[in-house]
A.B. asks: 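Below are the structure tokens for one structure; questions will follow.
Reminder, nothing fancy here: chain letters follow the sequence lines and each chain counts from 1.
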2 protein chains.
Amino acid sequence: MRKGEETRAKILDAAEISVLAKGFGGTSIDELIAETGITKSGFFYHFRDKNELAKALLERYVENDERIYDEIFSRARELADDPLQAFLLGLKLLSELLSDLPNGHPGCLVAVICSHERSFDRDIQEINRQAALMWRRRFGAMFRDIMRVYRPREPLDVDQLADMVSTVIEGGIILSKALKEPKNLPAQLLVFRTFVRLLFQPAAT
Amino acid sequence: MRKGEETRAKILDAAEISVLAKGFGGTSIDELIAETGITKSGFFYHFRDKNELAKALLERYVENDERIYDEIFSRARELADDPLQAFLLGLKLLSELLSDLPNGHPGCLVAVICSHERSFDRDIQEINRQAALMWRRRFGAMFRDIMRVYRPREPLDVDQLADMVSTVIEGGIILSKALKEPKNLPAQLLVFRTFVRLLFQPAAT
DNA sequence: CGGAAACTGTACCAACGGTAGGGAAACGGC
DNA sequence: GCCGTTTCCCTACCGTTGGTACAGTTTCCG
């Protein structure tokens, strides 16, 4: 059972790289088995079909994504007592992390699935939906914490504000890729950070 | 030459719908010729290969996109003298337009191309880049106009601010699709609108 | 009426997703 | 050390798809 998971992981690794670069249709099973050093039968032993591969890929991706957010924002929470400062710091840490990726963000699987909508079954689309909802809950909780201390200058729906974090990240990934400017994504995050600061901090200067 | 363009347009229409729903890999030529009522030879008479189809599709999409932005923001400009008010109105008009789409935004081809990056040649990626740069120029010009009248409360790079419009739209499209909440995109646009208002308007009650 | 444009028809090819089934190492538990 | 399960490999096959080649035909327009 140990060896099997190892091979499975190797397939998923190769698949993730290829899917993020070429989309699902552009990723061939032959290519994956060549990369992994496995046979076709071996591949279909692990995954019934391409749809199952996609599902496993997305599940792993989302878990990893959550882990990264957990780390960054719990770290930020440790460093700053104030919820607003913690959130702003978290955004900065995230921006820096994204800035350090030499080739820019490799792409978001959730977005890839969205742009292939009708190619996948409901299972996968539901995982995707749950991922977006988890983002909403995560950032929504942070904004609620902030609002217990600060009063927004403009009344904004918390969920919509929370969604804005995901929106900026997903949109930033796309724009970075379209423009071929990897630094665009971290920059956009910092612009959003400025907006959030502006929204909650009382007038200064 | 008239009839040819008509057929070409029919192919592109069918292709656009399919590509936005299933991605490029998920769109088969057989499917397109069935929809169009044409033969395979007929298809390849119009497009050398799938890559050329993608190119024509993207070019048409970007042109149409530009036209819509032209209409909305020139209309907004007519209705409001002030550049800030014109921009805010434009965002609202755009949000309403997106809100009126019964099934939500069908998806952005620029984003689809980005998530298929390595599947296309440099031509297409360059068109994509130019499209994003045109957005930057368009909204950048608006923000420059605004800044001639208003002083932003926080110093922000104009290009990054301009990119934020595209970021929110692209990200909003993805989130709307992932969440299966078509109203999310127009809502996100309005959140961004609030941020812009907050950024430029002097403190009020 | 003629020539170009806009196709159709047929035949073919390689790559790909997927299926079927028979085997064979490798590992773990007893 | 034996046994069964897991984890694969091998071979052969199928339908679909993107794409090629090319000859023939219809349609349009000047």
A.B. asks: Under a 4.0 Å threshold between the charged nitrogen and the carboxylate oxygen, would Glu154(B) count as salt-bridged to Arg197(A)?
C.D. replies: yes
A.B. asks: Are Arg48(A) and Glu52(A) within salt-bridge range, i.e. N to O under 4.0 Å?
C.D. replies: yes
A.B. asks: Nearest to the Ser41(B) side chain among dT8(C), dG19(D), dC8(D), which nucleotide is it?
C.D. replies: dT8(C)
A.B. asks: Provide the full list of salt bridge (charged side-chain N to carboxylate O under 4.0 Å, His left out) pairs with a residue in residues 171-193 of chain A, sequence neighbours left out, each pair given once.
C.D. replies: Lys177(A)-Glu117(B), Glu181(A)-Arg136(B)
A.B. asks: Answer with yes or no after comparing the ring centroid distance for Phe47(A) and Phe43(A) against a 6.0 Å cut-off, counting only values under it.
C.D. replies: yes
A.B. asks: Using rotation axes that map the C1' atoms of four end pairs onto the next four (five pairs an end), what angle separates the end axes of the helix from dC1(C)-dG30(D) to dC30(C)-dG1(D), to 10°?
C.D. replies: 30°
A.B. asks: Of all the nucleotides listed (dC8(D), dG19(D), dG18(C)), which has the minimum atom distance to the side chain of Ile38(A)?
C.D. replies: dC8(D)
A.B. asks: Can you tell if the side chain of Phe195(B) reaches within under 4.5 Å of the side chain of Leu161(A), non-hydrogen atoms only?
C.D. replies: yes
A.B. asks: Looking at Thr7(B), does any N or O in its side chain come under 4.0 Å of the phosphate oxygens OP1/OP2 on dC7(C)?
C.D. replies: yes
A.B. asks: Which nucleotide wins on minimum distance to the side chain of Thr39(B), given the candidates dC7(C), dG18(D), dT8(C)?
C.D. replies: dT8(C)
A.B. asks: Over all strands shown, is Arg8(B) touching base, sugar-phosphate only, or nothing at heavy-atom distances under 4.0 angstrom?
C.D. replies: nothing
A.B. asks: Using only heavy-atom distances, decide whether a donor-acceptor pair under 3.5 angstrom links the side-chain of Lys40(B) to the base of dG18(D).
C.D. replies: yes
A.B. asks: Could you please name the option among dG19(D), dG17(C), dT6(D) that lies closest to any side-chain atom of Phe44(B)?
C.D. replies: dG19(D)
A.B. asks: From the list dG19(D), dG18(C), dT17(D), which nucleotide is the closest neighbour of the side chain of Asp30(B)?
C.D. replies: dT17(D)
A.B. asks: Looking across every strand, which nucleic acid part, if any, lies under 4.0 Å from Thr27(A) by heavy atom: base, sugar-phosphate, or nothing?
C.D. replies: sugar-phosphate
A.B. asks: Considering only dT17(D), dA6(C), dT6(D), which nucleotide approaches the side chain of Tyr45(B) most closely?
C.D. replies: dA6(C)
A.B. asks: Between His46(A) and dC8(D), does any side-chain N or O lie under 4.0 Å from OP1 or OP2?
C.D. replies: yes
A.B. asks: Mind calculating the distance between CD1 (Ile11(A)) and C1' (dT7(D)) to the nearest angstrom?
C.D. replies: 11 Å
